[in-house]
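First the structure, in the form of C-alpha cells, and then the observations on it.
The residues of the chain are indexed from 1 along the displayed sequence. Both backbone and side-chain heavy atoms feed into the values below; hydrogens, waters and symmetry mates do not.
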Amino acid sequence: MTTVFVLHHVAHVDSGAEDEKLIGVYSTRQHAEAAIQRLRSLPGFSDFPDGFVIDEYALDEDHWTEGFVTLPS
C-alpha cells in the first residue's frame, strides 16, 4: 500500500472559527515534518505554532464514505 502525508495548519481565530490551510502533500512523514520546521517561524504560523497537523492517507482509496448533509447557516 502506498501512502502520502497531508499537512494542514489550523488556527482558532477570535470569532471561534477555524482557519484551515492545506500546506502540502508529501511522500514521507519526514518531508512533512521538515515543512513544519520551515514554516513555523513565518508570519501567521508563528502565532499558532501548534496548529500543524499531519494525516496519512492511502492512495487509491475512498476516505469519505458516509455521504454528507448541508447545514443551514
Side-chain angles (χ1 to χ4, degrees):
M1 174 171 44
T2 302
T3 60
V4 294
F5 297 85
V6 178
L7 175 60
H8 285 92
H9 184 270
V10 181
H12 298 277
V13 294
D14 293 336
S15 65
E18 289 184 346
D19 180 13
E20 183 172 351
K21 293 169 181 55
L22 171 63
I23 304 300
V25 180
Y26 302 90
S27 59
T28 67
R29 181 172 295 278
Q30 291 77 16
H31 288 306
E33 290 170 350
I36 293 171
Q37 295 309 311
R38 289 191 303 273
L39 298 172
R40 182 170 267 155
S41 64
L42 295 178
F45 295 124
S46 62
D47 295 330
F48 303 94
D50 297 326
F52 293 98
V53 178
I54 299 172
D55 293 310
E56 183 176 5
Y57 287 94
L59 294 176
D60 300 324
E61 289 186 16
D62 298 330
H63 295 277
W64 191 292
T65 59
E66 296 88 27
F68 69 95
V69 298
T70 302
L71 301 175
S73 52

How far apart are the closest heavy atoms of Pro43 and Ser46, and which atoms are they? CA-OG, 4.2 Å
Nearest non-hydrogen partners of Val10 and Glu18, listed with the distance: CG1-CD, 3.9 Å
For the residue pair Ala35 and Leu7, what are the closest heavy atoms and their distance? CB-CD2, 3.8 Å
As an exercise, state the distance from OG1 of Thr2 to CG of Asp60, rounded to the nearest 0.5 Å. 8.0 Å
Would you give the length of the straight line joining atom CG of Asp50 to atom CD1 of Ile36, rounded to the nearest 0.5 angstrom? 10.0 Å
If you apply the rule side-chain contact (heavy atoms from CB on, under 4.5 Å), what do you find for Leu39 with Phe52, and how did you get there? CA-CA 10 Å; Leu39 298 172; Phe52 293 98; 4.1 Å; yes
Give the minimum heavy-atom separation between Ile54 and Ala32, together with the two atoms involved. CD1-CB, 3.8 Å
Can Leu22 be reached from Leu42 by stepping across I, L, V, M, F, W or Y side chains whose heavy atoms are under 4.5 Å apart? no
Smallest separation among heavy atoms of His31 and Thr28, with atom names: CD2-OG1, 2.8 Å
May I ask whether Val6 and Val53 are part of the same hydrophobic cluster, defined by side-chain heavy atoms of I, L, V, M, F, W, Y residues being less than 4.5 angstrom apart, directly or through others? no
List in chain and number order the residues that pass ring pair (Phe, Tyr, Trp, His ring centres under 6.0 Å) with Phe5, two or more places apart in sequence or in another chain; answer none if no residue qualifies. none
Hey, what do you get for NE2 (His12) to CD (Glu20), rounding to the nearest 0.5 Å? 9.5 Å
Under 3.5 Å, is there a donor-acceptor pair between the side chain of His9 and the main chain of Arg40? no
Find the distance between CZ (Phe45) and NZ (Lys21) and round it off to the nearest 0.5 Å. 6.5 Å
Do Ile23 and Val13 share a hydrophobic cluster, counting only Ile, Leu, Val, Met, Phe, Trp and Tyr and linking them when any side-chain heavy atoms are less than 4.5 Å apart? no
